Amino acid sequence: STISILPTSLPQIHRANMLAQGLPAASKISPLVNKKSKTKWHFGIRSRSYPLDVMGEIYIALKNLGAEWARPSEEDLWTIRVRWKYDNGSINNNNGNMTMISNNSNNINSTNTMTSSNDAIPDLMKMVIQLFQIETNNYLVDFKFDGWENSNGQVVTNSNISEDEMSTFSAYPFLHLTTRLIMELAVNS
Amino acid sequence: DAGENVLLEQRLAVESIRTFLNSKTSYDVLPVSYRLIVLDTSLLVKKSLNVLLQNNIVSAPLWDSQTSRFAGLLTSSDFINVIQYYFSNPDKFELVDKLQLDGLKDIERAIGVDPLDTASIHPSRPLYEACIKMMESRSGRIPLIDKDEETRREIVVSVLTQYRILKFVALNCRETRFLKRPIGDLNIISDQNLKSCNMTTPVIDVIQLLTHAGVSSVPIVDENGFLVNVYEAVDVLGLIKGGIYNDLSLTVGEALMRRSDDFEGVYTCTRNDKLSTIMDNIRKSRVHRFFVVDEAGRLMGVLTLSDILKYILLGT
Amino acid sequence: LATSSIKHNTLCVASIVRYKRKYVTQILYAPL
């Protein structure tokens, strides 16, 4: 085989050749440092604030974003069951804001689009937000996707969907809403 | 007889590889576990550049959270368009600096280039079909799109590239070893009106050549036609990152000094090399094209992954 | 949900999703 790598194309050799020509600009240009800064991942978001303050901030952010939530039970103040009307802009709200949802569900303007099979597209995303204590004065706010519902109360039926089909789930609406919530928390705090 | 054998083996091997591509789906090419980086269209273009470089990728799917839909692919062509727009409108630095990803369409219109057609395909379709669709698109890559079974919303499952597919073939098709005819006999080398430049050509001229010729690399030759280096479309990302795109009097030789040290170098071959060896190199290295030179090293042509894929899919 | 520290005013969130029999770590970058 006569396949090879062109020596003059190797960055170090190219740079040496360019500098040898003594061109003024050449000495000013440094190579791109492709720092492989490994992204450090965390579960949810961390907080060192007082737990009740954290919960308060989350409720304020949820309210600002037009979400609704189930009244927390006495024995579990640290879990919030959220429901968000996720209108993709093509339906009726162009600024991407969450549409305010009144508590009784029949006031919700059901702007569902109908799929070809005529069952409504679920437009209420459910999410569970839970506060965990990692260690003293170190808390973690965890976000979990909790399925979809129809704002017109129709139960989402996963009709004759094969096991394989069952796992075609789009994470983007969930990721999008969590970015909105995290931004709201970041801006408020 | 030996020649006849080589011809017959090559034809049977190509047919066998096509059968393989028809028997597999794009889903089969996906690793068991992988990352997919997606950019929200409201992100600034310059921030998206940081994300690509930080993750060592040159392209990413876009997600329009307003419509909850896939909004095409961000590729090096978009950054080339931004540089060309800035070059024609040097007073618009402010606009370029604040440009969001959903503004790239306006830049395309402003400089009069056709939008990159982002054909897409369902992951369960035959791989052969994805290859054919990908060849029709200029980006050399094809997004795999499925639908969320509950909300019918689009899912960007992954983006297949010519490189990934050829690597998948090289890794899984033992028949590639029988592709023993010299590439010079297959009529797949691009050697007609080949565009090239030399080390002192202004980098903006090379960038315009990339767009006007619709190619993703421009070979750099010396005064005697010997191949010295290559400027690739992805090099534009480093140019913008360094903010030196406003000094467009820069020569292409100076611009290449931006290349990071982990660049593997330009692969060359001759017309006598066989496709079996070419595929072996694709299996082992991250190579995106082969520049064909003569025994002395003079530039003769280029063999791109698109040329190889086209031969495997449709070649006689 | 996995998050990474906010850098350059850009938020990065991710979640690992099963797609049929494979696992995709969907990573979304959005402006803060």
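Worth saying up front: this structure is predicted, and the values here are computed from it rather than measured. Residue numbers begin at 1 in each chain, while the letters A, B, ... track the order of the sequences.
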Of all heavy-atom pairs between [X] and [Y], which one has the smallest distance, and what is that distance?
| X | Y | answer |
| --- | --- | --- |
| C/S4 | A/H42 | CA-CD2, 4.2 Å |
| C/Q26 | A/A171 | CG-CB, 4.1 Å |
| A/G44 | C/T3 | O-OG1, 2.6 Å |

**Report entry** A/L181, A/L175, A/D142 screened by side chain to side chain contact (heavy atoms under 4.5 Å, CB included) with C/L1, the one that passes
**Finding:**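 The passing option is A/L175.
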
Roughly how far, to the nearest 0.5 Å, is [atom2] of [Y] from [atom1] of [X]?
| X | Y | atom1 | atom2 | value |
| --- | --- | --- | --- | --- |
| A/H176 | C/L28 | NE2 | CG | 9.0 Å |
| C/S15 | A/F174 | OG | CZ | 6.0 Å |
| C/S5 | A/W41 | OG | CH2 | 10.0 Å |

Query raised in the report: Counting heavy atoms not belonging to C/I16, are there more than 12 under 6.0 Å from its CD1?
Result: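 Open: at most 12 neighbouring heavy atoms sit under 6.0 Å from CD1 of C/I16.
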
Report task. Please say whether more than 12 non-hydrogen atoms of neighbouring residues, nucleotides or ligands are located less than 6.0 Å from CD in A/E135. Result ->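 Check passes, neighbour count above 12.
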
Query - Proximal component of A/T179, with respect to chain C [non-hydrogen, under 4.5 Å] - result: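 Its backbone and side chain both get close to chain C.
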
Query raised in the report: In terms of heavy-atom proximity below 4.5 Å to chain A, should C/L32 be classed as side chain, backbone, both, or neither?
Result: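 Both parts, heavy atoms under 4.5 Å.
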
